Amino acid sequence: MRYLKSLISLLEELDKESNNFQKAVDKTVEAIKNGGIIHILGYGPYNVIPMELFFKPGALACVNPILDLSTLYCESIYKANYLEKNEGYGKNLIANINVKENDIFYIASYSGRDLVAIDVCLELKKKGIFTIGIINKENSTKTSKHSSKKNLRELVDLAILVPGPSDELLLALEENRDIKVGPLGVLIPLLVINDIFTEVIYKIENMGIIPPVFRVPINNKNQEINQKLIEVYRERVRGF
């Protein structure tokens, strides 16, 4: 269990970001109260994050997953790598996304230097959309290869810095120390967003409001509630 034990140790370090966690909770609650929705950017391996947080029991119904299946490595690593290294691709990716003033936008980038993430964030800044970035702390001060020379940390309105080695690999082999294993990738960003959304749901309930959360569809009542939530957000959320 060496991987899990090392991961638990890293997660304990997230306490240092508790203030930014709370800011993210407050801004997300504000967006939902004002009729906005939560956009989550997915590209490459980060496609996993919006997929995991969309349309499932316990999930917020106002989550709009922005997926880019063209950058899925399992489709073609060559195509995905080409697109991810093509500056301007991120701009095109969200060109037809209906983002409005009261919305909020989550962007995860372990390196903080992904061209897609930076392209998207620059476009959102033009529209005045509040952005939250989840970035590895060690990478957050490194200059990107983007023409702006900006790291995602410098562009988002709120940056949550997560612990971990800069290369995403948690462990080295005992004899062949140059071989590293145990990738972190999307795991910590996904846990961070899940934690934030859980607190968002509790805070909404404490305001005397029933949170817009999908129920376990085990009976007609819950199925009807889920369908009503879909109708509420149908025009704004992809897939509804």
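Remember, predicted model here, so these are calculated numbers, not experimental data.
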**Item:** side chain to side chain contact (heavy atoms under 4.5 Å, CB included) assessment of Lys85 paired with Lys145
**Value:** CA-CA 9 Å; Lys85 293 177 181 179; Lys145 295 181 179 180; over 6 Å; no

For [X] versus [Y], what's the shortest heavy-atom pair and its separation?
| X | Y | value |
| --- | --- | --- |
| Thr198 | Asn194 | OG1-O, 2.8 Å |
| Asn151 | Ser140 | CG-O, 3.3 Å |
| Ile196 | Phe21 | CG1-CD2, 4.0 Å |
| Asn219 | Asn222 | OD1-N, 2.8 Å |
| Ile129 | Lys100 | CD1-O, 3.1 Å |
| Arg215 | Ile225 | NH1-CD1, 3.4 Å |

Taking atom [atom1] of [X] and atom [atom2] of [Y], what is their separation to the nearest 0.5 Å?
| X | Y | atom1 | atom2 | answer |
| --- | --- | --- | --- | --- |
| Lys23 | Asp157 | NZ | CG | 11.5 Å |
| Glu138 | Ser166 | CD | OG | 5.0 Å |
| Asn102 | Glu30 | CG | CD | 8.0 Å |

Note, [X] side chain near [Y] side chain (heavy atom, < 4.5 Å):
| X | Y | value |
| --- | --- | --- |
| Glu84 | Tyr73 | yes |
| Ile193 | Tyr106 | yes |
| Leu122 | Leu155 | yes |
| Ile204 | Ile32 | yes |
| Val116 | Leu93 | yes |
| Val192 | Phe197 | no |
| Leu184 | Pro165 | yes |
| Arg153 | Thr141 | yes |

N-O pairing of [X] and [Y] below 4.0 Å:
| X | Y | answer |
| --- | --- | --- |
| Arg234 | Glu231 | yes |
| Asp26 | Lys203 | yes |
| Asp103 | Arg236 | yes |

**Asked** Does atom OH of Tyr82 have more than 12 heavy-atom neighbours, drawn from other residues, nucleotides or ligands, at distances under 6.0 Å?
**Response** no

**Message:** For Met207, is the CE atom crowded, meaning more than 12 foreign heavy atoms sit under 6.0 Å from it?
**Reply:** yes

Scan side-chain atoms only and decide if [X] and [Y] contain a donor-acceptor pair under the 3.5 Å cut-off.
| X | Y | result |
| --- | --- | --- |
| Gln223 | Gln227 | no |
| Glu17 | Asn20 | yes |
| Asp114 | Ser111 | yes |
| Asp119 | His146 | yes |
| Lys142 | Asn139 | yes |

**Request:** May I have the step-by-step check of side chain to side chain contact (heavy atoms under 4.5 Å, CB included) for Glu123 and Lys126, ending in yes or no?
**Result:** CA-CA 5 Å; Glu123 287 303 300; Lys126 295 176 184 178; 3.0 Å; yes

**Request:** Examine distances only and state if a side-chain atom of Asn34 and a backbone atom of Ala31 form a donor-acceptor pair shorter than 3.5 Å.
**Result:**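 Flag not set: sc Asn34 to bb Ala31 has no pair under 3.5 Å.
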
**Message:** For residues Leu173 and Leu7: do they belong to one hydrophobic cluster (side chain heavy atoms under 4.5 Å, members Ile, Leu, Val, Met, Phe, Trp, Tyr)?
**Reply:**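 Per the 4.5 Å side-chain linkage, Leu173 and Leu7 are co-clustered.
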
Got a list of side-chain donor-acceptor pairs under 3.5 Å for residues 45-71, not counting sequence neighbours?
unit_1, atom_1, unit_2, atom_2, d
Tyr46, OH, Tyr110, N, 2.6
Asn47, OD1, Asp68, N, 2.8
Asn47, ND2, Gly44, O, 2.9
Asn47, ND2, Asp68, O, 3.1
Glu52, OE2, Lys56, NZ, 2.7
Asn64, OD1, Arg238, N, 2.7
Asn64, ND2, His39, ND1, 3.0
Asp68, OD1, Tyr89, OH, 3.0
Asp68, OD2, Thr71, OG1, 3.1
Asp68, OD2, Tyr89, OH, 2.8
Thr71, OG1, Gly44, N, 2.7
Thr71, OG1, Asp68, O, 2.8

**Item:** Residue pair Glu168, Lys180: steps toward the salt bridge (Lys or Arg N to Asp or Glu O under 4.0 Å) verdict
**Value:** CA-CA 9 Å; Glu168 301 189 29; Lys180 298 191 70 177; over 6 Å; no

**Request:** Any chance you could lay out the side chain to side chain contact (heavy atoms under 4.5 Å, CB included) test for Ile135 and Ile107, step after step, and finish with the verdict?
**Result:** CA-CA 9 Å; Ile135 308 156; Ile107 304 172; over 6 Å; no

**Prompt:** Val162 and Leu14: side chain to side chain contact (heavy atoms under 4.5 Å, CB included), yes or no, with the steps?
**Reply:** CA-CA 7 Å; Val162 300; Leu14 285 172; 4.1 Å; yes

